[in-house]
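These notes are about the structure you will find just below.
Order of the sequence lines fixes the chain letters, A, B, ..., with proteins taken first and strands second; residue numbering starts at 1 for each chain.
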Amino acid sequence: MEIQAAPPAHQAPLSPSPHLLPPIFQSDTAPPQMITQGAEALLYRTTYLLPTLPCALKYRPSKPYRHPILDARLTKHRILSEARVLVKCRREGVPVPAVYAVDEREGWVMLEWVEGEVVRVKVNEWLRRRKELGVAEGVEEEVLKGLMGRIGRAIGRMHGGGGLCMGDLTTSNLMLRPKREDTVNGEGSRNAGDEVLGGEIVLIDFGLASQSSADEDRAVDLYVLERAFGSTHPRAEGLFSELLGAYGTSFKGANVVLKKLEEVRMRGRKRSMLG
Amino acid sequence: MALLETIHLEHLPTTPIHISLYRNVKNAPFLQQQLLAGNTDFEYAFIDASVIVSRIHVLSAAYRAINALHSHRLRSRNVHSEIVFSLSPNNNIAESFRRFGITATTENLLVVKVGGGREEVKRHLEGAVEGEAVGGMLDVGKVRKVYKLNSGGGGGKKGLGNGVVNEEEERRELEVFVLGAMALRGASN
Ligand SMILES: Nc1ncnc2c1ncn2[C@@H]1O[C@H](COP(=O)(O)OP(=O)(O)OP(=O)(O)O)[C@@H](O)[C@H]1O
Ligand SMILES: [Mg+2]
């Protein structure tokens, strides 16, 4: 298991003394291990019920600057809406972590632990390895294309099957869970390093998700992801058409969304021209 | 009765729980009566074992109930009735007892006891339950019915059809649906 040690860049510069977890976790002999500290939520790795069952603990601590009643209500709402969406996704066959337990009053939810890493990290790793091997850009990009296709299909499944939009679809909210075989083969092949992009896409972070089948919301999901690829991986942005191609055939109505995407892009361009 | 299992759940190290499973129980009416009468010698969760998918399933219910106990948020009489209620996908306490709890006709019985010494619990159960202690006895059809996994909106069926190939994976998905339904119970806002 590889754990992302460094906190994300957007972490508050003055991080307060270690967050006090809810009482149930305070007496743990092996305390939950912090993985990331986002703007709203803290993510820990710990265990559920048995020492052999790893889980992700997502904790939304109370915000001292908010009115306590409002704060409790907002936290409760976010926790429950995320858990509901995950349960719905799972029932519809959308690849997301299972929900193990919810305590909306204390502000936490426990989810199935997803092995692997977020797509952003994996793509970076792949690009770095290729550079080290001296592989030029634009050649032997089949695995990257393959990854884009899998992402497109997973999003299609969420939009079409789940009737949901993610609201915050970035390369940090998509994980790549290695399949067991992927970690063994690939060694010594001509495309050494390609196994980095192997595995199954798992959608995480439904904190801003909504129940929606509107083409506009779906197109915005795709647009946000396109921009995310553009800013973190300009090279992958060029292959975004692979993702859209796979998305387009993944459910009835996907093509209408792709049309809408063009409109959303136009608006985005106009807005940035106006400054 | 060698099959009594004692577990310390993660994050609840000071609260042991004892679990035991029986087949061909002959005195369910008596056991149910002790609960209804509030007999304090019978502080147990008596569960209809045929709707329990796995060990994780029942441990999840115990975890939720003990968490509610420690944070003074029990919704039912005590931690043992709360375990039965924790199995429910909805907020109807009486209904949860009928569906998941012991009834006069229960033959497959799962017993959960929170706290207490292992030997003492074992001895008491030996005298109290007339039945054979065993391994497992799931009725998948019944589980699907009580958790409404066959009705509209996919109901878990799509999920199961989607790339789930073997029985073990199918059991695992069933477990996931059930845990999700339990976790969301009481979510009204
Ligand atoms: N189920 C999981 N298994 C393993 N790692 C996870 C899981 N969920 C999240 N992570 C890791 O934790 C990070 C943060 O999680 P997440 O995106 O859900 O939180 P967030 O962005 O801080 O929350 P929010 O945007 O809802 O306030 C992810 O980028 C990922 O690295
Ligand atoms: Mg996130």
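If you take CD on E10(B) and CD1 on I24(A), they are separated by 11.0 Å, rounding to the nearest 0.5 Å.
L184(B) places none of its side-chain heavy atoms less than 4.5 Å from the side chain of V99(A). Residues L50(A) and R55(B) form a side-chain contact, since some pair of their non-hydrogen atoms from C-beta on lies under 4.5 Å apart. The shortest distance between side-chain heavy atoms of R73(B) and D103(A) falls below 4.5 Å.
Remark: L36(B) CG is packed, more than 12 non-hydrogen atoms of other residues, nucleotides or ligands lying under 6.0 Å away. Within 6.0 Å of CD in E120(B) there are 12 or fewer heavy atoms belonging to other residues, nucleotides or ligands. Remark: R105(A) CZ is loosely packed, at most 12 non-hydrogen atoms of other residues, nucleotides or ligands lying under 6.0 Å away. Other residues, nucleotides and ligands contribute over 12 non-hydrogen atoms within 6.0 Å of the NZ atom of K63(A).
Heavy-atom distances place the side chain of E112(A), and not its backbone, under 4.5 Å from chain B. Residue contact with chain A, scored on non-hydrogen atoms closer than 4.5 Å, involves the backbone and the side chain of H11(B) alike. Looking at V87(A), only its side chain comes within 4.5 Å of chain B, counting heavy atoms on both sides. At a 4.5 Å heavy-atom cutoff, the contact between P51(A) and chain B is made by backbone and side-chain atoms alike. Interface remark: I66(B) contributes no atoms to any contact with chain A (heavy atom separation under 4.5 Å).
For the side-chain contact (heavy atoms from CB on, under 4.5 Å) criterion with L49(A), the lone passing option out of L9(B), V58(B), I7(B) is L9(B).
Taking all atoms of both residues into account, the shortest heavy-atom contact from A101(A) to A183(B) is CA-CB, 4.1 Å. Considering all non-hydrogen atoms of both residues, M110(A) and Y63(B) come closest at CE-OH, 3.1 Å.
When S71(B), S60(B), G180(B), A62(B) are compared by the number of non-hydrogen pairs under 4.5 Å with chain A, S60(B) comes out ahead. Per-residue heavy-atom pair counts under 4.5 Å with chain A were compared for H70(B), R172(B), H8(B), and the maximum is reached by R172(B). Of all the listed residues (V109(A), I79(A), T46(A)), the one sharing the greatest number of non-hydrogen pairs under 4.5 Å with chain B is T46(A). Interface check for chain A: of the options N67(B), L179(B), T14(B), the most heavy-atom pairs under 4.5 Å are formed by N67(B).
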